[in-house]
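Working notes for the structure below.
What you see below is based on every heavy atom in this structure, not just the backbone, and it leaves out hydrogens, waters and symmetry mates. These numbers were taken from a predicted model, which means no experiment stands behind them. Protein chains get the first letters and strands the later ones, always in sequence-line order, with residue 1 at the start of each.
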Number of protein chains: 2
Amino acid sequence: MNTLDTAYSALSDPTRRAILARLALGEASVGELRAPFAISAPAISRHLKVLEDAALIARTRKGQTLVCRLNPAGLKTAREWLDHYAAFWNASFDRLNTYLKEKP
Amino acid sequence: MNTLDTAYSALSDPTRRAILARLALGEASVGELRAPFAISAPAISRHLKVLEDAALIARTRKGQTLVCRLNPAGLKTAREWLDHYAAFWNASFDRLNTYLKEKP
DNA sequence: ATGTTAATTAACATATTTGCTAAATACAAG
DNA sequence: CTTGTATTTAGCAAATATGTTAATTAACAT
């Protein structure tokens, strides 16, 4: 599985996107990240592992707790793929628009 | 499943990203899209359905063939989510950098 | 009408994902 | 060193994803 596979796959789950949104506001422990969800500790742990494997977050132990923070590098990869093709897409769209306008 | 779920899930498969990359160069029939892959017709058909359900492409019949083209609107949604949070991420990263530089 | 090409749907096998509970590990505190 | 808190790993069940072959539908051409 390449980087884009794991990154987009990780982003496809709403719980994981919510976790990222939370982490955008600042780092948080696993327990803190779990609090808003009606979901077991192992379930959150797995979501975090998926995000970590996708290089979207990093975890470091701080005493008894594991602190999670965003990993901007991983997200950059995902954005770049979309942004790259967006250029083509918009170009195609523009051509279509031009075509439609010139047609009558 | 909401729009972002289906969009990112669709993007997580390399075959589907390759299909999108191909369509960025211009519309193509199902058969043409299939050609580069060692994969059955039903398999391609399903990939295209996933992309269509995610609003990333559109298909229209043209005589005997189905012509596929990109749907820029769907991609825009996916990009916007990433771009929105990228702002936070970069900000966090900047704060971290500042912190690390000021520390010594 | 019949055969051919393009593409989808049906039916099935296998692998992955997600969630749960119970058990294990890591650290802190008394 | 025993207990409590934070988190992960193990084991299991249900749902989802992906690919295959066989059968079906749509459009075209003879």
d([atom1], [X]; [atom2], [N]) in whole Å:
X	N	atom1	atom2	answer
D53(A)	dT17(C)	CG	C1'	13 Å
K49(A)	dT18(C)	NZ	C1'	15 Å
H47(A)	dT16(C)	NE2	C1'	14 Å

Report whether L25(B) and I57(B) are members of the same hydrophobic cluster (ILVMFWY, side-chain heavy atoms less than 4.5 Å apart, transitive linking).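 L25(B) and I57(B): one cluster.
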Do you reckon I44(B) sits in the same ILVMFWY cluster as V50(B), going by side-chain contacts under 4.5 Å, direct or chained?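 No; tracing contacts between hydrophobic side chains, which count when under 4.5 Å, never links both residues.
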With heavy atoms under 4.0 Å as the rule, sort R46(B) into base, sugar-phosphate or nothing.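 Base, at least one base atom sits under 4.0 Å.
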Give one of base, sugar-phosphate or nothing for A41(A), where a contact means two heavy atoms less than 4.0 Å apart.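 Contact class for A41(A): base.
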Between the main-chain N or O of [Y] and the side-chain N or O of [X], is there a donor-acceptor pair closer than 3.5 Å?
X	Y	value
Y8(A)	A10(B)	no
R34(A)	A38(A)	no
R16(B)	L11(B)	no
S12(B)	S9(B)	yes

On DNA chain D, reading 5' to 3', which nucleotide is the first and which the last to sit with an atom under 4.0 Å from a heavy atom of chain A, could you check?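 Contacts span dG4(D) to dT9(D), reading 5' to 3'.
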Is any side-chain heavy atom of E27(B) closer than 4.5 Å to one of E32(B)?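 They are not in side-chain contact.
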I want to check something: taking the side chain as every heavy atom from C-beta on, are V30(A) and L66(A) in contact at a cut-off of under 4.5 Å?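 Touching, per the 4.5 Å side-chain cut-off.
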Of D13(A) and Q64(A), the one whose closest DNA chain C nucleotide lies more 5':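 Nearest-nucleotide comparison on DNA chain C picks D13(A).
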L66(B) vs G63(A), nearer the 5' end of DNA chain C by closest nucleotide: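 That would be L66(B).
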According to the Watson-Crick and G-U wobble definitions, with both distances under 3.5 Å, which nucleotide is paired to dT8(D)?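 The base-pairing partner of dT8(D), which may sit in any strand shown, is dA23(C).
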Mind listing the residues from residues 29-40 of chain A sitting with a heavy atom below 4.0 Å of DNA chain D? Number order is fine.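 Of all residues in residues 29-40 of chain A, the ones placing a heavy atom under 4.0 Å from DNA chain D are S29(A), V30(A), G31(A).
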Only one of T60(B), L23(B), L51(B) forms a side-chain contact (heavy atoms from CB on, under 4.5 Å) with C68(B), so which one is it?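 Running side-chain contact (heavy atoms from CB on, under 4.5 Å) over T60(B), L23(B), L51(B) with C68(B) returns exactly one hit, L23(B).
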